[in-house]
Number of protein chains: 2
Amino acid sequence: MTINKNCIIRLSRYKNALYRLKNLGFVKVFSDNLADAVGVLPSQVRKDFSLFGLTGNRRGGYNIDELIESLGNILGKDKVHEVIVVGAGNIGTALMNYKGFEQEGINLVACFDIDPAKQKKASGMPVFPLEELKDFVKQRSVRIGIIAVPDIAAQQVLDIMISAGIKGILNFAPIRLRGPEDLVVNNINVELELENVIYFVNALRKTRGK
Amino acid sequence: MTINKNCIIRLSRYKNALYRLKNLGFVKVFSDNLADAVGVLPSQVRKDFSLFGLTGNRRGGYNIDELIESLGNILGKDKVHEVIVVGAGNIGTALMNYKGFEQEGINLVACFDIDPAKQKKASGMPVFPLEELKDFVKQRSVRIGIIAVPDIAAQQVLDIMISAGIKGILNFAPIRLRGPEDLVVNNINVELELENVIYFVNALRKTRGK
DNA sequence: AGTTTTTTGTTATTTTTTTCACAATAAAAT
DNA sequence: ATTTTATTGTGAAAAAAATAACAAAAAACT
């Protein structure tokens, strides 16, 4: 098996579960505890760990602190990552106001928007004109960006970001973005996820009777 | 092959791509146009369609209007679905302000929050006390809900929603929710997605040299 | 010290998902 | 009207992912 995206997402989930277990006072954990917390099978947990050389003690389980540290290293939590946001609309604003990123070593450093009306210091974080993006990103060597603009603008914004040196994108626009081979793009599409929930609720209602 | 979640997500993407193609003036479409728009292989598109009995003309491709209609029926776009939001924080507010749901037959009808300070008519949509959720949902037979509360509160909120008759959840809390077998839960975790982007950007930098 | 029990780490198996390949067929061209 | 060409629809093959199975090892117990 090769390392795939789902596997990395599971690592993040394990890490979150470990935080909670640690807060509850636990010191060690077994693969089936983690499996239960994350909703997979114990063998999946061990498989994932073995892929990354994460190891515990036979019969003794895993040490939570060590695991958290190792997972942190794998997931790049050893250093702080600067991230920019493009689009100061509903989503962009919500992201800027969100307080949970810091704890994970994610630092939203600036927001950019094409609309002058939104270029204010909205609740702490500066919102700059889009034209300033390129210089800002180059100067600070920012690698990661969030696209929270309407779909029509998304590709254009991406092109600017790429030219500035951005290598990874979290995209909220409901459109497939095109970029070079080595560009990393994850998509979040709330509408689509809702639609999906609706589909399966209806599908279940049909199969299991009303 | 059995119908799985990814397949349904692809159907939604096809539908979105079809809207765009239609707006561009196209009348018919081939599997490789859709494949390109969505980022899959043409054979995947045809396979997905064949699963749902969606059919085109050999050599003639697919009629866009018909496809949109059929996909709409499959995805439950024939009727309007009422959805409630719990949690009037950053995400909840962003969702309430978002204008795109209506077009997809998704109607956010109310928001609930435990915090009295948030129980105002924030920008149009009413925010009710959490205690009123159950009656509201029962009375209007709402089936779908969005959880946008902190992780510690999420399971508790879910339990209330379930007791009120909610059957499908879009969950923004970074925690695994527990519910009955037939409860549909989709999770959106922005932090985790960002972490994922960061991981792969770093991974690529390592393998391809700086 | 030896035995039992529990849990890991890893290989093998199964299942799922994707991709390929190509006959069937409809449109276009001759 | 016949031939050519392009594209679907689907069954077969390949690839990927998840699950099971179990030997190895560490802890607990006797």
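Numbered from 1 within each chain, the chains take letters A, B, ... in sequence-line order. Please read all numbers here as calculations on a predicted model, not as lab measurements.
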Determine all donor-acceptor pairs shorter than 3.5 Å in which one atom belongs to a side chain in residues 55-62 of chain A; sequence neighbours excluded.
none

Task: Rounded interatomic separation in angstrom, taking CG from A:L51 and C1' from D:dT19 - done: 15 Å
Task: Whole angstrom value for the distance that separates P of D:dT8 from CZ of B:F49 - done: 10 Å
Task: Between the first and last five pairs of the helix from C:dA1-D:dT30 to C:dT30-D:dA1, the angle of the axes, rounded to 10 degrees - done: 10°
Open item on the list: Any residue in residues 18-37 of chain A with a heavy atom nearer than 4.0 angstrom to DNA chain C? Just list them by number, or reply none.
Closed with: A:F30, A:S31
TODO: Ignoring backbone atoms, test whether A:N4 places a side-chain nitrogen or oxygen under 4.0 Å from the OP1 or OP2 oxygen of D:dA16.
DONE: no
- [ ] Ignoring hydrogens and angles, state whether a donor on the side chain of B:E193 or B:N189 is under 3.5 Å from an acceptor on the partner side chain.
- [x] no
Open item on the list: Nearest 0.5 Å, please: how far is CG in A:L11 from CG in B:L192?
Closed with: 10.0 Å
Open item on the list: How many whole angstroms separate atom CD of B:Q44 from atom C1' of D:dA14?
Closed with: 14 Å
Task: Of all pairs that satisfy salt bridge (charged side-chain N to carboxylate O under 4.0 Å, His left out), the ones with a partner from residues 72-85 of chain B, not counting sequence neighbours - done: A:E195-B:K77, B:E82-B:R140
- [ ] Output the residues of residues 61-74 of chain B in contact with DNA chain D, where contact means a heavy atom of the residue under 4.0 Å from an atom of the strand; sort by number or write none.
- [x] B:G61, B:Y62
Task: Counterpart residues, side chain to side chain contact (heavy atoms under 4.5 Å, CB included), relative to A:N187 (two or more places apart) - done: A:N171, A:V185
- [ ] Output the distance between atom CD1 (A:I147) and atom CD1 (A:I188), rounded to the nearest 0.5 Å.
- [x] 12.5 Å
Task: Per B:S50 side chain, nearest of listed nucleotides C:dG9, D:dA27, D:dG9 - done: D:dG9
Open item on the list: Could you check whether the side chain of A:R59 and the base of C:dT5 have a donor-acceptor pair of N or O atoms closer than 3.5 Å, going by distance alone?
Closed with: yes
TODO: In whole angstrom, give the distance that lies between atom CG of B:N6 and atom C1' of C:dT16.
DONE: 11 Å
- [ ] Starting at atom CG of B:L54, determine the distance to atom C1' of D:dT10, rounded to an integer number of angstrom.
- [x] 15 Å
Open item on the list: Can you see if the side chain of A:R10 gets near the phosphate of D:dA18 - specifically, an N or O under 4.0 Å from OP1 or OP2?
Closed with: yes
Task: Over 12 non-hydrogen atoms of neighbours within 6.0 angstrom of OH in A:Y19 - done: yes
Open item on the list: Tell me the interatomic distance from A:K47, atom NZ, to D:dA18, atom C1', rounded to whole angstroms.
Closed with: 7 Å
Task: Check: B:Q44 side chain, B:A35 main-chain N or O, donor-acceptor pair, under 3.5 Å - done: no
Open item on the list: To the closest 0.5 Å, what do you measure between CG (B:L194) and CD1 (A:I106)?
Closed with: 4.5 Å
Task: B:D113 (side chain) donor-acceptor with B:A88 (main chain) under 3.5 angstrom - done: yes
Task: Exam field: side chain B:N4 to backbone B:N6, donor-acceptor pair closer than 3.5 Å - done: yes
TODO: Quickly work out the A:R46 CZ to C:dT10 P distance and round it to whole Å.
DONE: 11 Å
Open item on the list: Heavy-atom count check: over 12 atoms from other residues, nucleotides or ligands less than 6.0 Å from A:K167 NZ?
Closed with: no
Task: Distance, rounded to the nearest Å, where B:N57 contributes CG and C:dA28 contributes P - done: 11 Å
Open item on the list: Please determine whether any donor N or O and acceptor N or O are separated by less than 3.5 Å between the side chain of B:R58 and the base of C:dA24.
Closed with: yes
- [ ] Determine: side-chain N/O of A:T55 to OP1/OP2 of C:dG9, distance under 4.0 Å, yes or no.
- [x] yes
